[in-house]
Amino acid sequence: SEGATLTIEPGVIVKFINPGLKLFGTIKANGTTDKPIVFTDYNDKKYAGEIFGSIASPQAGAWSGIWFLESSTDSVLDNIIIRYAGSRTRPFRTGATYSDAAVGAGIRVDNTSIILRNSTIEHNLFTGVLLTNSPNTVIENSTFQNHLEHDNSYTTLAGPTELRNIALYIDSSNPRVEDSAFQNNLTGIYIVNNSQPASLVGGPIIENNNFFNNSRPIWVQSSYPEFSNNQIEGNQWDGIVVKGLKLNRDYTLGGGPASPAGGSVFINYDEIPFWSIVVPEGIILTIEPGTIIKSVYSTSGLIIEGTLIAML
């Protein structure tokens with residue numbers, strides 16, 4: 001409840017048959033390296049063995065995940081493991097419609113912020129972590145992996161079908177994501193609608209992360225993230241996919257050694273003619289030295305009505 005705090009001690013294992021945790025108040029889950037706190041499917045025999053004599057295997061979407069609501073403040077998840085969550089068929093029933101609750105995510109943060117660090121988010125249905133209108137979430141030194149399963153019948157969230165397996169989904173939010181690993185996901189990070197909320201200045205900060213063996217490591221749509229020193233190697237697309245970027249503020253493309261090529265690779269992805277990157281009058285687009293921009297469609301490109309600064 002709002003104003004209450006749930007404290008979970010190191011080494012605790014929480015198994016779910018089908019519900020989840022809905023946070024109006026605060027959770028302090030501080031595990032340790034030797035004693036992480038685990039949230040998982042009751043069929044997950046890796047932690048605490050069998051219960052109820054279960055012989056079934058764990059599966060993505062077996063429970064609903066952890067949902068932080070607007071009244072929840074100051075929550076910390078440190079050295080935790082979240083596995084096999086993200087059910088859309090077992091919604092939180094109190095105070096939410098089915099469609100509101102049906103977003104598959106291991107952790108869902110709505111209109112508030114959390115601290116997530118030193119943790120592992122894996123094997124969740126659709127999304128590992130979903131941030132919506134979250135202004136100050138901090139994610140650091142964590143691993144997002146094995147988000148490869150989804151419900152084909154669910155099409156509400158933005159993005160084409162191939163984006164339904166997302167490790168970290170950032171919607172209208174301004175988190176700092178650093179020193180983390182994204183591996184074996186269809187999409188590592190999906191960033192959308194960051195340009196909309198007037199209350200947010202700048203964009204998400206994505207720095208010092210490692211992306212390996214994902215189909216698409218980072219997908220950016222109508223957003224203005226800042227990239228710095230991310231390593232992107234061994235993915236199907238070794239670059240940052242940019243779609244529908246019509247600038248409404250000065251912006252810089254670049255951000256360090258994103259690929260073996262020695263510079264950030266941005267993949268210009270949009271079949272709408274001359275739409276992918278648009279620089280209106282009065283706006284400055286700066287492209288840093290060493291940056292590589294590749295276009296997927298013959299009709300995509302850049303329209304410069306404002307100013308382009310691209311210098312060695």
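When atom types are taken as modelled, the side chain of Asn230 and the backbone of Phe211 share no donor-acceptor pair closer than 3.5 angstrom. Ser119 places a side-chain N or O within donor-acceptor distance of the main-chain N or O of Ile80, the cut-off being under 3.5 Å. Listed for the Ser180 side chain is a donor-acceptor partner under 3.5 Å among the backbone atoms of Asn141. Formation of a donor-acceptor pair under 3.5 Å by the Asp44 side chain with backbone atoms of Tyr84 is not found in this model.
Considering NE2 of His147 and CG of Asn184, their distance stands at 10.5 Å, rounded to 0.5 Å. To the nearest 0.5 angstrom, Phe182 atom CZ is 4.5 Å from Phe144 atom CZ. Residue Asn229 holds its CG atom at 10.0 Å from CG of Asp179, rounded to the nearest 0.5 Å. Between atom OG of residue Ser142 and atom CG of residue Asn209 there is a gap of 10.0 Å, rounded to the nearest 0.5 Å. Between the CG atom in Asp110 and the OG1 atom in Thr132 there is a gap of 5.0 Å [rounded to 0.5 Å]. Annotation: the span from Arg117 atom CZ to Asn30 atom CG amounts to 6.5 Å, rounded to 0.5 Å.
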* Working for salt bridge (Lys or Arg N to Asp or Glu O under 4.0 Å), residues Glu207 and Arg176 -> CA-CA 8 Å; Glu207 63 181 4; Arg176 175 182 289 273; 2.7 Å; yes
* Can you list the steps and then say if Ile277 with Leu253 is a side-chain contact (heavy atoms from CB on, under 4.5 Å)? -> CA-CA 11 Å; Ile277 302 177; Leu253 285 178; 4.3 Å; yes
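With sequence neighbours excluded, the residues that form a side chain to side chain contact (heavy atoms under 4.5 Å, CB included) with Thr137 are Val109, Ser113, Ile114, Leu131, Ser134, Ile139, Pro175.
Of the residues Val265, Ile218, Asn214, the one that meets the side chain to side chain contact (heavy atoms under 4.5 Å, CB included) test with Ile232 is Ile218. Considering Asp78, Thr143, Thr33, Thr32 as possible partners of Asn118, the one that fulfils the side-chain hydrogen bond (donor to acceptor under 3.5 Å, both in side chains) test is Asp78.
Counting heavy atoms from C-beta outward, Asn136 and Val138 have side chains that stay 4.5 Å or more apart. Considering only heavy atoms from C-beta on, Ile81 comes within 4.5 Å of Tyr47 through its side chain.
Val220 is connected to Leu302 through a chain of hydrophobic side-chain contacts under 4.5 Å among Ile, Leu, Val, Met, Phe, Trp and Tyr, so both are in one cluster.
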Which side-chain N or O atoms in residues 4-14 pair as donor and acceptor under 3.5 Å with protein atoms at least two apart or in another chain?
none

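The aromatic rings of Tyr224 and Tyr251 stand perpendicular to each other, their planes meeting at an angle above 60°, with 30° marking the opposite boundary.
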